[in-house]
There are 2 protein chains.
Amino acid sequence: MTVQADIRLPSRVDALAEALLQPILAGDWRPHDRLPSEHALAAQHEVSRAVVREAIARLKSDGYVETRQGKGAFVAAAPGGNAFRLDVEGDTHLLELRALIEADCAALAAERHTAADLTALRAASDAMRDAVAKGGLGLAEDIRFHDVLAEAAHNPALRRFAAFVGRHAREAMQLARLSQLREQNRLVEIEAEHAAIIKAVAARDPVAARAAVQHHIASGLRRHGLS
Amino acid sequence: MTVQADIRLPSRVDALAEALLQPILAGDWRPHDRLPSEHALAAQHEVSRAVVREAIARLKSDGYVETRQGKGAFVAAAPGGNAFRLDVEGDTHLLELRALIEADCAALAAERHTAADLTALRAASDAMRDAVAKGGLGLAEDIRFHDVLAEAAHNPALRRFAAFVGRHAREAMQLARLSQLREQNRLVEIEAEHAAIIKAVAARDPVAARAAVQHHIASGLRRHGLS
DNA sequence: CCGGCTAACTTGTCAGGCAAGTTATGACCG
DNA sequence: CGGTCATAACTTGCCTGACAAGTTAGCCGG
């Protein structure tokens with residue numbers, strides 16, 4: 001058997017956790033339903049009880065399952081309610097969600113930014129221009145621009161969510177299309193878009209800030225050939 | 001020892017998972033740092049290796065840790081990056097985030113609702129009025145109204161996030177103050193606010209829809225004595 | 001009929017062992 | 001001296017068996 005070094009089979013624990021998750025996500029097992037006992041699951045899936053326990057530990061951590069000693073394991077009242085995930089969305093919805101969140105950041109930044117926030121925004125925009133001038137793509141600097149914008153919203157929940165969605169969005173955009181970013185006229189566009197965002201934020205105009213961010217992100221999608 | 005039936009001590013697995021999570025969250029263990037071996041952790045924490053494995057299974061599921069057979073357990077590149085959580089925010093930021101997300105739902109609903117969406121919105125608003133008329137509080141119906149609004153945005157990622165944030169927000173609002181909702185003039189307000197949201201959505205006016213939702217949620221906070 | 005006890009069942013934990021993968025060290029050869 | 005190979009020690013992955021702690025249902029006695 002030839003196996004590439006980078007490809008590892010899922011462990012039995014991973015596979016069982018996934019197998020137990022599917023009926024929960026599909027609604028076949030509903031909130032408060034009792035799962036089969038550990039011994040039964042071990043027999044059904046031909047694994048040891050230790051594997052079952054570890055798989056259930058994973059589902060517990062994700063908030064899909066709750067256990068009571070002596071009683072059993074049960075589908076949680078709100079399955080998965082501990083956490084919000086972005087594994088199952090199509091790219092379009094994910095990218096639209098990102099645009100909404102970035103616009104929210106911009107609108108709040110417009111209302112409540114500090115002088116230091118503006119300074120950091122301008123510095124981040126300048127850093128991207130500088131990186132590009134040196135032959136880089138400015139990706140890390142563009143990310144930094146968005147992080148600073150989210151910071152300027154002065155809401156840590158929103159900032160963390162913006163970072164979370166941003167990471168997923170970048171994966172979805174499959175940066176294999178990096179070469180498309182090299183054209184100088186596109187970078188002029190980006191710079192103008194950053195400047196428009198900064199201008200709206202500095203003017204404390206949430207409507208314009210929101211619109212500027214949404215334009216910037218929509219243009220980013222076009223530049224990646226995604227819209 | 002007297003223990004109330006509703007209070008259970010954390011299991012050793014829970015306690016260890018928490019103990020291992022803290023240095024990661026605090027930045028003491030950084031991305032790619034290697035955790036002590038299972039045997040070492042079991043000795044340090046005076047538990048069996050099975051407890052260690054289950055605790056690490058929990059952290060793996062949460063995205064804080066990755067393991068490689070024969071090599072060890074390592075802090076993940078982006079700790080916790082699998083999922084977004086709302087466990088650590090102050091209530092103000094959480095409630096503000098919710099207002100933003102609900103407004104986003106309303107704005108998208110304004111742009112893309114269907115006739116069935118409007119029908120469902122009106123039905124949900126009527127259902128709340130009816131529930132209140134029968135002596136109930138209309139809480140489930142108010143939740144339903146917001147769910148329908150999120151559905152009318154036609155973006156499943158946004159809808160799921162709105163539901164997630166809504167659940168956390170309701171917990172934060174500590175519904176022990178339910179009695180404040182019984183006054184009839186307050187319910188008249190809520191009904192008027194629902195109607196304003198529906199009107200803006202039906203008019204396909206995202207700006208007005210956004211504003212109507214944010215007014216509704218801010219008023220809700222005032223009714224709960226939270227602002 | 002109700003309450004108490006016990007057996008069977010359940011999850012929680014422990015201990016020991018072996019499989020599979022990794023790494024470092026020592027020996028050997030060119 | 002440098003490179004390669006083999007082996008021992010270490011690591012995670014999984015199995016087995018046992019007992020602790022908690023739950024539930026059934027039976028028996030008052």
Side-chain angles (χ1 to χ4, degrees), chain A residues 1-21 24 29 32-77, chain B residues 1-21 24 29 31-77 79:
Chain A
M1 180 172 85
T2 303
V3 177
Q4 292 193 2
D6 283 352
I7 300 181
R8 297 186 306 131
L9 296 180
S11 70
R12 293 183 179 203
V13 173
D14 292 339
L16 181 60
E18 186 64 31
L20 296 179
L21 181 58
I24 296 175
W29 288 347
H32 306 300
D33 280 357
R34 186 172 171 283
L35 272 64
S37 73
E38 295 174 356
H39 270 112
L41 289 173
Q44 287 168 24
H45 292 270
E46 297 184 334
V47 293
S48 71
R49 199 176 140 224
V51 169
V52 172
R53 290 194 54 79
E54 284 182 39
I56 290 185
R58 301 198 65 159
L59 295 182
K60 282 166 70 176
S61 207
D62 291 339
Y64 291 110
V65 166
E66 297 171 340
T67 59
R68 288 293 182 277
Q69 181 171 340
K71 194 163 179 176
F74 300 84
V75 179
Chain B
M1 182 170 87
T2 303
V3 176
Q4 292 192 4
D6 283 352
I7 300 182
R8 298 184 308 128
L9 296 179
S11 69
R12 292 186 175 205
V13 173
D14 292 338
L16 181 59
E18 186 64 30
L20 295 180
L21 180 59
I24 295 175
W29 289 347
H32 305 301
D33 280 358
R34 185 172 171 285
L35 273 67
S37 73
E38 295 176 354
H39 270 113
L41 288 173
Q44 288 168 26
H45 292 269
E46 297 184 331
V47 293
S48 71
R49 200 176 138 223
V51 170
V52 173
R53 290 190 56 78
E54 287 184 38
I56 290 187
R58 299 198 68 159
L59 295 182
K60 281 165 71 177
S61 207
D62 291 338
Y64 291 111
V65 166
E66 297 171 339
T67 60
R68 290 294 181 277
Q69 182 172 340
K71 193 165 182 173
F74 299 86
V75 179

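Keep in mind the model is a prediction, meaning the values are calculated, not measured.
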Query raised in the report: If you fit an axis to the five pairs at each end of the helix from C:dC1-D:dG30 to C:dG30-D:dC1, how big is the angle between those two axes, to 10 degrees?
Result: 10°

Requested in this report: Residues of residues 37-47 of chain A with any non-hydrogen atom less than 4.0 angstrom from an atom of DNA chain D: list those, numerically ordered, please.
Outcome: A:V47

**Report entry** Strand contacts (DNA chain D) in residues 53-60 of chain A, 4.0 angstrom heavy-atom criterion
**Finding:** none

Report summary line: Span of DNA chain C engaged by chain B, first through last nucleotide within the 4.0 Å heavy-atom cut-off, is C:dT13 to C:dT23

Anything under 3.5 Å between a protein N or O and an N or O of nucleotides 19-21 of chain D, put it in a table, one pair a line.
from, atom 1, to, atom 2, distance (Å)
D:dA21, O4', A:Q69, NE2, 3.3
D:dA21, N3, A:Q69, NE2, 2.9

**Report entry** Shortest non-hydrogen contact between A:H32 and A:F74, atoms and distance
**Finding:** O-CD2, 3.6 Å

Under 3.5 Å, sequence neighbours excluded: what are the donor-acceptor pairs made by side chains of residues 50-63 of chain A?
from, atom 1, to, atom 2, distance (Å)
A:R53, NE, B:E54, OE2, 2.8
A:R53, NH1, A:E38, OE2, 2.7
A:R53, NH2, B:E54, OE1, 3.3
A:E54, OE1, B:R53, NH2, 3.3
A:E54, OE2, B:R53, NE, 2.8
A:R58, NH1, A:D14, OD1, 2.3
A:K60, NZ, A:T67, OG1, 3.1
A:S61, OG, B:R58, O, 3.2
A:S61, OG, B:D62, OD1, 3.0
A:S61, OG, B:D62, OD2, 2.8
A:D62, OD1, A:R85, NH2, 2.8
A:D62, OD1, B:S61, OG, 3.0
A:D62, OD2, B:S61, OG, 2.8

Report task. Indicate yes or no for a side-chain donor-acceptor contact from B:R34 to the backbone of B:K71 under 3.5 Å, with no hydrogens or angles considered. Result -> yes

Query raised in the report: Considering residues at least two apart in sequence or located in another chain, which fulfil the side chain to side chain contact (heavy atoms under 4.5 Å, CB included) criterion with B:A15?
Result: none

Query - Minimum side-chain heavy-atom gap A:D33-A:I24 below 4.5 Å - result: no

**Report entry** Residue list, side-chain hydrogen bond (donor to acceptor under 3.5 Å, both in side chains) with A:E18, at least two apart or on another chain
**Finding:** A:Q22

Query - Side chain to side chain, B:L20 and B:Y64, heavy atoms closer than 4.5 Å - result: no

**Report entry** With A:E66 via side-chain hydrogen bond (donor to acceptor under 3.5 Å, both in side chains) - residues at least two apart
**Finding:** none

Query raised in the report: Which atoms form the tightest heavy-atom contact between B:A19 and B:H45, and what is the distance?
Result: CB-CE1, 4.3 Å

Requested in this report: Just jot down the side chain to side chain contact (heavy atoms under 4.5 Å, CB included) partners of B:Q44, sequence neighbours excluded, or say none.
Outcome: B:P36, B:A40, B:L41

Query raised in the report: Does A:R12 put a side-chain nitrogen or oxygen below 4.0 Å from OP1 or OP2 of D:dC15?
Result: yes

Report task. Check each residue of residues 13-21 of chain B for a non-hydrogen atom within less than 4.0 Å of any atom in DNA chain C, then write out the ones that pass by number, or none. Result -> B:V13

